[in-house]
Amino acid sequence: MDITTEGFALGATIQSKTKGIWMWCVPHPEKTDHTLVLLDTEGLGDVEKGDSKNDAWIFSLAILLSSTLVYNSQGTINNDAVEKLQYVNELTEMIKVKSSTDDKEEGEGTQFMQFFPNFVWTVRDFTLQLEIDGREITPDQYLENSLQLKKGTSKKINDYNFPRECIRNYFPSRKCFVFPSPTTPDNMHRLDSMDEAELSESFRKVADTFCRFIFQESRTKTVIGGHTLTGEMLGHLVNTYVETVAKGNVPCLENAVLAMAKIENQAAVDEGLAVYQKGMENVKALFPVDINQLSENQLCSEAQARQAFMKRSFKDENGEFLKALAEAIGNHNVNLFKQNKDASEKKCKALLENLSAPMDQGMKEGTYATPGGYGLYCNHHDNIVAQYRAEPNKGVRAEEVLEEFLKGKSAESNSILQADKQLTEKEKEIQAGKMKTAELEQEAAAFKEQQAVMERTIENNRISQEKYLKEMEEKMEEERKQQQQEFKRTLDRRMQEQKDLIEKGHKVKADLMRQEIEEIKKKNKLERDANTKKEKDLLDGYKQQAEGQNKKIGELMSALKNKTQAPQVVKRHCMVM
């Protein structure tokens, strides 16, 4: 398959110009955020090639990759032109819809009809009058009349009807355009270099109508399940199909879509994680921050990450890729929390070291080794704590680091207390009790700090789980709607075909189609019920997993409370009695 950026060449000789399939991608003229992908295939029945198998694969790939198939013939729609579409008859051998479907079911047209493109027949150089029995008809009526089935069961009639039945059964919608010659025969050899104004007015009129139809009516390309393709996804499909054909195997739509889904879902995980990491960069630059600020940013970035994932992912049937995203975000959260914690510890220790430097210098110089030195020491000590507490943005370890600092100063403070000859033994005992109370008070503050972090973590976890469940349900509902839209489109077309058969007097065929329609409805219901159960089991499993995580966090919370029960404390006054 070749890619072109300048359009397709026109052949002005008897020799075929296009070989294989050429692809041309342009921004859609009328639909924003859409790309119009044009595929130009080599002509069927190229005499120089003489390989009908190659024609069949070219035709099959065009069917697999298109949402609208434009088949062009020259002159009229006659029996020869219809029979050149013989490759439709071979599609059941060239393409497999589901990997586990038996041959009998696979042969039914309904499964193919669900993914087949719309069909547009363009007749070039048309010179006849669009009339039947003296009555003017439209190009669409001309096509439908050419596809009419003959009554009877003889081999000749069956051979005549078979390609027409295939076309009617497989293609969900049909449209016809008849083009007059674009210019005079003498100018045909320079058609690709002619200015648009030089083309005949009647040709330009039909061409404009044709383009408007393609721009407005051509559906966005979807795959089994009603999933809309992006450019990358189409690229994956092209590679999968071409590689399969090159190996001599039969392309299976279900397998191709699953392979594409795996690639796209992993890409969706990577994209979601990248969105999360980018969203956390701003708050990361502010480390250390308190637990509330960190949590708010985490929840916001998680929501953006899930949205990015949901937008790109599809057929994540077991929820494994959504779980992978949640785990990746969770691991990143653990790393961010540690970085924030380390930044808080570093800032707090540096702050205390700076604030306590004058007091440490006083210790070296013996400033407090005098009568009344303990009172002076307490004043300096309390000033350090007050200044420390007044410093903003210390982060999540502010109280823990202060607790460690005060414990480190405990022996020093007690030594000064015991050496102060100005204090009586009774006063020393009272001051020692107050020191112990102050330690317990700070221990309680550190415990409260840890408890706040744990509680906010639990709350974050609860909010994240609720949002994950909600978005999983919304994604499943969206995919259900896509599947039902695809089914309804197929069913509507089948019912229209049945109505046409009744109107044309083909009662037996209409009855068979009615039975087929009922069978389609039954299968659809069974499939919907199975999918609903599968989705419920998936959601229940996720809920159980979430409950298990909450239980573990609750156990950690209980362990923290049991290990560090907050003591009853009084306000500390480090003053000499």
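In this text the structure is predicted, and so the values were computed from the model without any measurement. All residue numbers refer to positions in the sequence shown, counting from 1. In what follows, every heavy atom counts, from backbone to side chain, and hydrogens, waters and symmetry copies are set aside.
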I'd like to know if Lys522 and Glu518 make a salt bridge, using a cut-off of under 4.0 Å between side-chain N and carboxylate O. no

Could you walk me through whether Glu165 and Lys509 satisfy the salt bridge (charged side-chain N to carboxylate O under 4.0 Å, His left out) test, starting with their C-alpha distance in whole Å, then the side-chain angles of each, then the deciding distance to 0.1 Å, before giving a yes or no? CA-CA 10 Å; Glu165 285 182 322; Lys509 291 184 181 294; 2.5 Å; yes

Carboxylate-amine/guanidinium contact Glu217 Lys175, below 4.0 Å: no

What's the shortest heavy-atom distance between Ile77 and Tyr142, and which atoms? N-OH, 2.8 Å

If you define the side chain from C-beta out and look only at heavy atoms, does anything of Asp500 sit under 4.5 Å from Glu503? yes

With side-chain contact (heavy atoms from CB on, under 4.5 Å) as the criterion, how do Asn54 and Glu42 come out once you've worked through the C-alpha distance, each side chain's angles and the decisive distance to 0.1 Å? CA-CA 10 Å; Asn54 184 75; Glu42 63 182 75; 3.5 Å; yes

So CD1 of Ile214 and CG of Asn118: to nearest 0.5 Å the spacing works out to 9.0 Å

Might you confirm whether atom NZ of Lys31 has over 12 heavy atoms from other residues, nucleotides or ligands at distances under 6.0 Å? yes

Dump the intermediate steps for salt bridge (charged side-chain N to carboxylate O under 4.0 Å, His left out) on Lys205 and Glu201, then the final yes or no. CA-CA 6 Å; Lys205 183 177 180 182; Glu201 185 178 350; over 6 Å; no

Return the CG to CG distance between Leu258 and Asn265, rounded to the nearest 0.5 Å. 10.0 Å

Can you tell if the side chain of Val37 reaches within under 4.5 Å of the side chain of Leu39, non-hydrogen atoms only? yes

Would you say the side chain of Phe210 lies within less than 4.5 Å of the side chain of Val120, judging by non-hydrogen atoms? yes

Counting only heavy atoms not in Gln129, do more than 12 sit closer than 6.0 Å to its CD atom? no

Arg494/Glu519 salt bridge by N-O under 4.0 Å criterion: no

One thing to verify: whether Arg312 and Glu232 come together as a salt bridge, which I'm taking to mean a side-chain N less than 4.0 angstrom from a carboxylate O. yes

Would Gln496 and Asp492 satisfy side chain to side chain donor-acceptor pair (under 3.5 Å), going step by step from the backbone distance to the final call? CA-CA 6 Å; Gln496 182 61 47; Asp492 288 347; over 6 Å; no

Go through the side-chain N and O atoms of Asn145 and Gln141 and say whether any donor and acceptor fall under 3.5 Å apart. no

Is it true that a side-chain atom of Asp316 and a backbone atom of Glu320 form a donor plus acceptor pair closer than 3.5 Å? yes

Given the side-chain rings of Phe179 and Phe203, with only the six-membered ring counted for Trp, is the space between their centroids under 6.0 Å? yes

Charged N to carboxylate O below 4.0 Å: is that the case for Arg204 and Asp208? no

Closest heavy-atom pair, Thr183 versus Met194, reported as atoms and distance to 0.1 Å, is OG1-CE, 3.7 Å

CE on Met513 to CG on Asp511, rounded to 0.5 Å: 11.0 Å

Give a yes or no on whether the backbone of Arg135 and the side-chain of Asp133 come within a donor-acceptor separation of less than 3.5 Å. no

Taking every non-hydrogen atom, the tightest pair across Tyr468 and Ala326: OH-CA, 3.5 Å

Is Arg168 salt-bridged to Glu144, cutoff N-O under 4.0 Å? yes

Test side-chain contact (heavy atoms from CB on, under 4.5 Å) on Phe119 and Tyr170; report intermediate values, then the result. CA-CA 10 Å; Phe119 182 75; Tyr170 291 149; over 6 Å; no

Any sub-3.5 Å donor-acceptor pair from Lys475's side-chain atoms to Met310's backbone N or O? yes

Is the backbone N or O of Lys315 less than 3.5 Å from a side-chain atom of Glu479, with the two atoms forming a donor-acceptor pair by type? yes

Close side-chain approach of Tyr276 and Gln304, heavy atoms under 4.5 Å: no

Check this for me: does any side-chain nitrogen of one of Arg480 and Glu477 sit under 4.0 Å from a carboxylate oxygen of the other? yes

So, does Asp140 use its side chain to make a donor-acceptor pair with the main chain of Cys176 at under 3.5 Å? yes

So, taking the atom named CG in Asp40 and the one named CH2 in Trp22, what distance separates them when rounded to the nearest 0.5 Å? 9.0 Å

So do Arg164 and Asn79 actually touch side chain to side chain, heavy atoms under 4.5 Å? yes

Give a yes or no on whether the backbone of Arg219 and the side-chain of Ser67 come within a donor-acceptor separation of less than 3.5 Å. yes

Measure from the side-chain N and O atoms of His506 to the backbone N and O of Leu149, and report whether any donor-acceptor pair falls under 3.5 Å. yes

If you count every heavy atom of other residues, nucleotides or ligands that lies below 6.0 Å from Lys323 atom NZ, does the total exceed 12? yes

Residue pair Thr244 / Asn249, side-chain donor-acceptor N/O under 3.5 Å: no

Does a side-chain heavy-atom distance below 4.5 Å link Val257 with Phe314? yes

Please determine whether the number of non-hydrogen atoms from other residues, nucleotides or ligands lying under 6.0 Å from atom CD of Glu131 exceeds 12. yes

Does the side chain of Phe59 come within less than 4.5 Å of Thr41's, by heavy atoms? no

Any idea which heavy atoms bring Ala308 and Gly272 closest together, and the distance? CB-CA, 4.4 Å

Could you check if a side-chain atom of Met260 sits within less than 4.5 angstrom of a side-chain atom of Thr240, using non-hydrogen atoms only? no

Are Asp529 and Lys533 within salt-bridge range, i.e. N to O under 4.0 Å? no

Just do the side-chain contact (heavy atoms from CB on, under 4.5 Å) check on Leu237 and Leu64 with the steps written out, would you? CA-CA 9 Å; Leu237 274 187; Leu64 289 168; over 6 Å; no

Tell me whether His34 contacts the main-chain N or O of Thr32 through its side chain, where contact means a donor paired with an acceptor under 3.5 Å. yes

dist Asn78:CG -> Ser73:OG (nearest 0.5 Å) comes out at 7.5 Å

Nearest 0.5 Å, what's the OH-CD distance between Tyr160 and Glu83? 9.5 Å

Can a donor-acceptor pair be found, under 3.5 Å and without considering hydrogens, that links the side chain of Asn161 to the backbone of Lys150? yes

Please name the pair of heavy atoms, one in Pro163 and one in Val82, separated by the smallest distance, quoted to 0.1 Å. CB-CG1, 4.2 Å

Val223 vs Leu253, test: side-chain contact (heavy atoms from CB on, under 4.5 Å). Steps then yes/no. CA-CA 8 Å; Val223 292; Leu253 271 73; over 6 Å; no

Ile63 and Pro117: which non-hydrogen atoms are nearest, and at how many Å? O-CD, 3.7 Å

Lys470/Glu466 ion pair, N-O < 4.0 Å: no

